[in-house]
Amino acid sequence: MSTQVRLRLLPSARCLYDEPIQVKVTGLRSRQEVTMRARSTDEKGVVFSSSATYRADGNGEIDLNRDPSTGGSFHGVEPMGLLWSMKPHMLHKKFQKSNSLNPHVVKFSVHEEADRMLAEAINERFLLGDGVSRVPVRHGGIRGALFSPPGTGPFPAVLDLYTFGGGLSERRAALLASRGFLVLTVALYGHDDQPQNVTKVHLEYFEEAIDFLRKKEQAGGKGVGVISLSKSGDLALSAASYLPGIEAAVWINGCSANVALPLYYKKTLIHPPLMFDSKKIILTDSGAAISKYAMHDPRKEQYRATLIPIEQASCRLLFVASEDDLNWDSKAYMEQLVERLKHHGKENFERVSYPGAGHYLEPPYGPFCSSSLHAVAGRPVMWGGEPRSHAAAEIHAWKKIQEFFKTHLSCDAAKSTSKL
Amino acid sequence: MASSQVRLRILPSASCLFDKMVQIRLEGLAPHKSVKLRSKLVDDRGVTFTASALYVSDKTGQIDLSTSPSLAGSFTGVEPMGLFWAMTPDTPHSKHLKKNVLSPTSVEFQALCEETGELLASGTNEREYLIEGMKRIPVAEGNIRGVLFIPPGEGPFPGIIDLYTFGGGLTESRASLLAGRGFVVLALAYYRYNSLPKNPQNLNLEYFEEALTYLKNHSEVQTSRIGIISLSHSGALALSMASFFSGITATACINGCTANTVIPVHYKNQVLPPLTPVIKNITVTDSGLIDIRDALPDPTLERNRSSLIPIERATCHFLFAFSEDDHNWNSSFFAKQAASILKSHGKESFELFGYPKAGHFLEVPYTPFCPSGFHGAVGREVVFGGEPKAHSEAQLHLWEKVQLFFKTRLGSKNTAV
């Protein structure tokens, strides 16, 4: 009979969420055709899966680093394709993994004709690296979590403004900490004892968070980094423009203007919200809408007050835009920001844009999401992007962001007495 | 049958103490009529708790919850108090909060015709916390903050310090009801209350020593008859007090830990660091809630020893109560460990009670069951374990045991029943 079929995950079945692994199958017949599958269940109980067909080599082996998929969720040589091509078993669902305490678990399996399973292996993809600590934060008005790399530091410190849609997402913050940063991630609403909804955003909330982070024993440097995504992109820009203590800010697929919610500093309105015209929303057959062309143009006279005066920011800026973002025209907003900075003679920025990438640029190897519920619109929307290009963009962006922070966040060896 | 003839009666009285049973009866119905009975209360956080059950009236047109079985709803079978303990919150993962015991917990009942939905009868049960003549005195002496309950009648009385759960603030429900049994009870806050720190970096045992001295010296308290009752996180504080201070006669720990957790405890030049949780032992349930049951390691292991409370130094009587299905931590393990530590030091004066299928929050009887909630130390919603009926039975049994424990060990001048 055939030798034992084995599915191996190398170098280990346990890795960090953002680490690639090598998937190998041995013990097949020479040139045997099989189907490889991956499957994972998210925090909400939604099942995601992918599959691809492969043909073993003369020795009955398959190596996803080397061999092409001949059909299924993707084609060609894609070592991590089974991970990012996973799709939900229900329409319009995004893979929910906001809790960092336990790993993202993916079950890999290899099947022959008539779906008989030959071997399987479980990949545990951790969000917390070895020795990374996680402490819930309930300090003043701040509600979130603080992640610290092992050791006493000092570490470059980053404020992660991930979620707009309520609650706390820890995934990106935990991974950044696993890569050597002290990270505070905060919820805007709907976490712990916060109200379930908000009608305005208070800039002093971020001021409090930055101050809290800077005062941490393990925080090095003269200021902190800020990383954002989508709506929090404009919040990061406002923080950079108005608040002290920020050395570097990363804007990902945000807007050049303050969007959806009015921005206050204590009792003063700083920016009214830029809204969208619901008549310009395009409906697709799947029931998901395209909102890309629905946003009002912030450069028009009546919306000018929503534009953020980014020339006031003294920190270093990194703009990351997906060229196929269907949520709004991220690339255009990035160009507006660049133009505004250039107009003011400012050069403190870098930018990168990704063709074929969609709205949710996140740490790499998560399942690609083409559409899901939009927190503000309250209905499913298309996010844009094409899976393979999007996955490649995430890998590149993740590296770029870490390099950017490491370069531009000062981090002295010892904490000076100028800190309280 | 005209609904004005239907009566909902709460017996023996519509007003009773919170921990007392009532008999709910419906009279004046048509025979063999299907009736849905609903209960509702709104807690001090504004969260609504409700339960409902389906009954069929007998041939005399009566439904008596002490004998009639519920056929469907929040519970089934004969459950005289089911409409209380089976209540669930409208906002998921909410724990019942009663801050102000000066007002009763009002439970509204409605009887509805099952076929038409027509309201047939209603009634309200006012569940009080203070007995006639009891005094409730806010305490702000020196550093200590809390509320003192003094029973009616001629003192002095044995005294009890009531320590509640993690999260700060002050909960008075247990303290006020215990005081009604003939004890002076000090519900002691230790953070996030009044002028106490909001997010302390450590807790000083000197604060609790000050509270102990205050109670001992109170004119209404018998100096040599002091007890402590604790639940969950405060168990470590109660055990620390019993280990480091003299003058404590009886200490009750409910679902506590033998080691200090979360916040470091300082006493003079000693520090009890919190046990470090083992993250890889944390799991996630199918519903996406965190299960931290196995997160705390064994405090008797060498590397954890500095967190272990030296209860062998204590000279008081102990009561350890634990829920076997506690998912906050392994209460069964810690309670048995405490008993074993005492035994190995020749100390036999302890009682140990385990409750199968009960969850973490063993509170005064008829407190709505809390299966899950936001855990301040984890920063996310966790499961607390337990099954509603078994949990409510456990609360009843434990409450009797706790009262008996303090009566026996401290004596009591009980005038109320």
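For clarity, every value in this text was computed on a predicted model and none was experimentally measured. In what follows, chains carry the letters A, B, and so on, assigned in the order in which the sequence lines appear, proteins first and then strands, with residues in each chain numbered from 1. Basis for what follows: all heavy atoms, side chains included, without hydrogens, waters or symmetry-related copies.
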Here the pair of heavy atoms bringing A/Leu168 nearest to B/Arg380 is O-NH2, 3.2 Å

Applying a strict 4.5 Å limit to non-hydrogen atoms, the region of A/Thr41 in contact with chain B is neither

Honestly, the part of B/Leu289 sitting under 4.5 Å from a heavy atom of chain A is neither

In short, B/Val284 meets A/Asn99 closest at the heavy-atom pair CG2-ND2, 3.5 Å

The single option from A/Leu101, A/Asn102, A/Val132 that satisfies side chain to side chain contact (heavy atoms under 4.5 Å, CB included) with B/Ile279 is A/Leu101

So, the part of B/Ser287 with a heavy atom under 4.5 Å from chain A: the answer is backbone

Listed by number, the residues in residues 88-103 of chain B that come under 4.5 Å of chain A (heavy atom to heavy atom) are none

For A/Pro136 and B/Ala377, the nearest pair of non-hydrogen atoms, with its separation, is CG-O, 3.0 Å

Minimal heavy-atom distance between A/Gly140 and B/Asn199, with the atoms involved, is N-ND2, 4.0 Å

Counting heavy-atom pairs under 4.5 angstrom with chain B, the leader among A/Gln196, A/Glu170, A/His139, A/Glu43 is A/Glu170

*asked:* Take a 6.0 Å sphere around CG of A/Asp130 and say whether it holds more than 12 heavy atoms from other residues, nucleotides or ligands.
replied: no

side-chain contact (heavy atoms from CB on, under 4.5 Å) between B/Arg192 and A/Arg138, worked out: CA-CA 12 Å; B/Arg192 215 173 276 155; A/Arg138 217 190 225 175; 2.9 Å; yes

